[in-house]
Amino acid sequence: MSRVGHGLSNEVYAAHVELVPDPEGRSGPYAAAVPASGSAPRARASWQREGDLLERVAARTRAIRVPRLAAIVSVDGVDVAVRSYLEGVPLDLRAGRQPGVAPWEAVARVAAAVHAVDAGDVPGLEGHATRRAHALSEIAVLDGLPELREAERWARDHLPDEEPSTLLHGDLLGQNILLHWEEPYAVIDWEHAMCGDPAYEMAIVTRGARRPFQIDHGLTRLLDAYAAQGRPRIEAPAVHLYELCLLGRWYREAIEAEGDGAPPDQRLRHLENVLRRARAASGGRMTQASR
């Protein structure tokens, strides 16, 4: 068994398992997700909900590959999820690092496939009923701090419509999208899956960067590629709203010394830069409260 992945929540180990006899043909590669040091273990019910969701995704789309839950086993009193192991190379989100791969197109294709899955009947799937409800929930992180007031005003002035939410993966970073030379993209680590606003999915990828994917107009390219998959178009201000919320959360963590060590003033400057881009993308409109 060898370690093949390490995240904030889990360490992932892979092994090839041979069963003798094996009348059901279950021999093959498997991956075990073990809670990382210092992280809270996930309960069996949580692993099972994720497994049920992945069964539904696998049944409703062939555009992506997803792992299948094989078993939940207890190791020293901690529940460990054992899943099918999916081969592939993690997507590099920096343009030009993988020949023949445009990372914005890969993300757009995966996001479109996920968002097209009807997961409304998956028991226990968390999230929000509408895009607006999702936005209001996220904007709460901007409330109460004077230095975040302008960002909150802009966000509340640009709330999405009361449209139904869609299934979101919730963490479509490069390490969770695996490229394969013969198979569709594999999508792993569904711990943060929920129902919500597709624009949130994009913001988790772009993260307020001035040049997403390290190219000019990276956000525009991502949103164009997403629309080209036949999905309803997402506009840049909708993504900027969630970027502001993400950066507001990082700023709060910085002033409470709970983040990654980045100083608060750095986080605040980043947020202010995103706010300027958000205003430009929305035509420079100001809120009533700030006029």
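For clarity, every value in this text was computed on a predicted model and none was experimentally measured. Excluded from the calculations below are hydrogen atoms, water molecules and symmetry mates; all remaining heavy atoms, backbone and side chain alike, are included.
- Within 6.0 Å of atom CZ in R211, more than 12 heavy atoms from other residues, nucleotides or ligands are found, so the atom counts as buried in its surroundings.
- Without hydrogens or angle criteria, H128 side chain to T130 main chain gives no donor-acceptor distance under 3.5 Å.
- Within the 4.5 Å cutoff, the side chain of R233 has heavy atoms near those of the D224 side chain.
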- Message: Between Y85 and E87, is the side chain to side chain donor-acceptor pair (under 3.5 Å) condition met? List the steps.
- Response: CA-CA 7 Å; Y85 177 77; E87 291 187 348; over 6 Å; no
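- Counting heavy atoms from C-beta outward, H180 and R65 have side chains that approach closer than 4.5 Å.
- Both L54 and I64 sit in one connected hydrophobic cluster of ILVMFWY residues. Membership requires side-chain heavy atoms under 4.5 Å apart, directly or through other members.
- Atom CZ of R26 sits in a sparse spot, with 12 or fewer heavy atoms from other residues, nucleotides or ligands closer than 6.0 Å.
- Electrostatic pairing of R132 and D197 does not count as a salt bridge here, judged by no charged N lying under 4.0 Å from a carboxylate O.
- Looking only at distances, no side-chain donor or acceptor of R156 sits under 3.5 Å from a matching main-chain atom of R153.
- Here R42 pairs with E50 in a salt bridge; the nearest charged N to carboxylate O distance falls below 4.0 Å.
- The pair D265-R269 meets the salt-bridge criterion, since a charged nitrogen lies less than 4.0 angstrom from a carboxylate oxygen.
- Within 6.0 Å of atom CD in E24, 12 or fewer heavy atoms from other residues, nucleotides or ligands are found, so the atom counts as exposed in its surroundings.
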